[in-house]
Student: 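Starting off with a structure, shown below.
Every value quoted in this text rests on a predicted model; they were computed, and no experiment measured them. What's counted below: heavy atoms across the whole structure, side chains too, no hydrogens, waters or symmetry copies. To find a chain, count down the sequence lines: A is the first, B the second, and so on, and within it residues start at 1.
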Amino acid sequence: MERRFWKVLIALLITLVPVLVLTGCSLPFGDDDASSTEPVAVAEENAGGELGVMLDEPVPAPDFTLTAHDGEPLSLDDLQGKVVAIFFGYTGCPDICPMTLGYMAQATEALGDDAHEVEYLLVTVDPEQDDPERLAQYISRIDAPITALTGDRAELEPVWDDYDITVERRDREGGGYLVDHSAQVWIVDQSGDVVMFMPMGADGDDLTASLRWLLDREG
Amino acid sequence: MKRKRQNFLLVIAGIVLTLSLLTACASLERGVQADSDADTSSTLTIQDVWARSEDAGHNSAAYLQITNDADQDERLLGAESAIAVSTEIHDVVSRDNVMKMEEVDEISIPAGETVSLEPGGYHVMFFDLTEDLTVGEEIEFTLIFERAGEVTVTAEVREHTPGHGYGQSFSGQGGA
């Protein structure tokens with residue numbers, strides 16, 4: 001009886017090894033859990049400003065309350081009446097995140113007097129590392145009115161889900177980790193509806209044009 | 001009883017084999033070692049080198065342009081620095097709309113062509129800075145090429161948002 005158990009185990013190992021090698025050495029677990037409660041149906045055509053992709057129908061932006069980089073709680077609902085751009089990133093991200101936040105600085109400058117009509121939110125995808133102090137340091141280098149938000153993982157996970165943000169923490173060989181994450185910027189209009197998003201590849205000019213279009217539309 | 005122990009050893013051997021294969025895969029991904037002999041016939045022009053300002057303990061990145069003026073192809077194989085716990089060549093790849101920064105084994109620079117490392121694409125990744133990178137100061141790091149060997153470059157430390165032209169050519173950087 002016990003011998004059979006060992007035989008089965010050995011057979012399993014023999015089959016598992018080639019599988020691991022064939023799949024490029026990544027374990028076949030931890031794939032996207034397909035729990036996309038996304039608030040979106042992506043429109044095919046681009047109705048609003050440049051590369052901003054309009055949703056088929058505006059979707060009420062799921063509200064959340066998180067801790068801002070100044071240590072105070074902030075709810076999305078507090079910002080109604082303004083256009084809100086929401087990006088998900090983390091302070092350990094040295095390339096794509098500061099680049100996207102740089103687009104927000106670019107838009108802030110380009111919008112001139114209307115810049116105060118727009119709020120920018122950075123929601124962390126790395127709650128273990130990104131406390132308010134670290135977030136404050138990170139965004140202090142960016143010349144835009146960005147509020148960085150953090151919380152417990154249990155507080156953040158529903159927010160990531162609501163905004164269809166995939167977050168995958170990936171350990172590095174040499175220690176430490178990186179966090180793979182969705183990088184679209186959601187745009188919420190003055191009445192609190194998600195109306196469009198900036199896809200990957202959209203730059204600061206695209207963001208500016210989309211925000212300008214929204215501000216003018218609402219008059 | 002003896003049989004049982006043999007089987008047990010086999011299982012251990014299987015586990016060791018699996019682990020060593022995984023490690024082998026991982027080290028294969030890390031790429032080839034550079035030839036220490038510099039090939040003087042290789043002519044590289046490296047310009048517009050800058051690094052993103054950031055505090056010690058954080059990660060940062062450097063960007064540059066490499067022009068291969070030689071008539072033979074060149075390959076960038078890695079990078080080293082004294083300012084971070086580890087220094088790697090990374091690319092930003094998008095898979096299923098998820099952004100990943102991944103280490104690349106090499107970046108090829110075909111004869112007569114220019115390859116840019118710029119925001120949103122290839123970059124030199126400084127993982128866990130051991131010192132502050134302050135705007136206006138200069139830092140050094142070393143690029144490791146297949147033919148040219150080790151080339152030390154000086155980067156100006158800049159702010160996160162250097163203004164116009166920033167991150168413009170987002171596409172065209174392909175995969176590794």
Side-chain angles (χ1 to χ4, degrees), chain A residues 2-3 5-7 9-10 12-14 16-18 20-21 24-27 32 89 91-106 109 134 137-139 141-144 164-168 170 172-176 178 180-184 199-205, chain B residues 3-4 6-8 10-11 13-15 17-18 21-30 52-55 57-63 85-86 88 90 92 94-103 118-121 123 125-129 135 159-164 166-168 170-171:
Chain A
E2 252 179 352
R3 256 179 76 183
F5 168 73
W6 287 118
K7 275 186 176 169
L9 198 61
I10 290 164
L12 262 176
L13 277 171
I14 288 168
L16 192 58
V17 170
L20 284 173
V21 173
C25 303
S26 55
L27 293 164
D32 198 351
T91 65
C93 165
D95 182 81
I96 201 86
C97 302
M99 183 176 79
T100 306
L101 300 177
Y103 294 155
M104 294 173 175
Q106 195 182 324
E109 192 183 347
R134 197 174 165 96
Q137 186 278 337
Y138 189 68
I139 59 166
R141 298 177 182 283
I142 296 147
D143 199 10
D164 197 29
I165 301 296
T166 302
V167 177
E168 287 169 4
R170 180 160 49 97
R172 286 162 36 86
E173 279 172 48
L178 293 170
D180 302 331
H181 60 96
S182 311
Q184 70 270 34
M200 280 304 309
D203 65 12
D205 291 336
Chain B
R3 190 63 161 261
K4 207 168 131 188
Q6 274 183 353
N7 280 338
F8 179 72
L10 260 175
V11 172
I15 291 169
L17 183 66
T18 312
L21 271 167
L22 283 172
T23 322
C25 289
S27 52
L28 266 178
E29 284 163 16
R30 289 193 69 84
R52 202 185 290 286
S53 73
E54 194 48 272
D55 285 359
H58 288 240
N59 304 332
S60 187
Y63 306 93
V85 171
S86 68
E88 298 165 0
H90 277 227
V92 175
S94 172
R95 208 166 290 143
D96 303 328
N97 206 32
V98 175
M99 300 308 304
K100 297 168 190 278
M101 288 182 295
E102 291 188 340
E103 187 172 7
E118 57 193 358
H123 54 279
M125 164 87 169
F126 299 118
F127 196 84
D128 196 356
L129 292 172
V135 173
E159 204 42 277
H160 273 172
T161 53
H164 297 294
Y166 185 56
Q168 288 229 320
F170 199 88
S171 53

Student: Going by the rule side chain to side chain donor-acceptor pair (under 3.5 Å), which residues pair with B/H90 if we only count those two or more places apart in sequence or in a different chain?
Tutor: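 Partners of B/H90 under the side chain to side chain donor-acceptor pair (under 3.5 Å) test: B/E88.
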
Student: Can you name the ring-ring contact (aromatic ring centres under 6.0 Å, His included) partners of B/F126, sequence neighbours left out?
Tutor: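 Partners of B/F126 under the ring-ring contact (aromatic ring centres under 6.0 Å, His included) test: B/F141.
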
Student: Any sub-3.5 Å donor-acceptor pair from B/R52's side-chain atoms to A/P94's backbone N or O?
Tutor: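 Judged by distance alone, yes, a pair lies under 3.5 Å.
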
Student: Identify which part of B/H58 has an atom lying under 4.5 Å from any heavy atom of chain A, answering side chain, backbone, both or neither.
Tutor: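 For B/H58, heavy atoms of backbone and side chain both lie under 4.5 Å from chain A.
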
Student: Return the option, out of B/V85, B/D55, B/V135, with the maximum number of heavy-atom pairs under 4.5 Å with chain A.
Tutor: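 Most pairs with chain A among the choices: B/D55.
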
Student: Between A/G176, A/G92, A/G175, which residue shows the highest count of heavy-atom pairs closer than 4.5 Å to chain B?
Tutor: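 Looking at each of A/G176, A/G92, A/G175 in turn, A/G92 comes out on top.
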
Student: Is the backbone of A/S182 close enough, under 3.5 Å, to the side chain of A/T166 for a donor and an acceptor to pair up by distance?
Tutor: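 The answer is no, because no donor-acceptor pair under 3.5 Å joins these two groups.
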
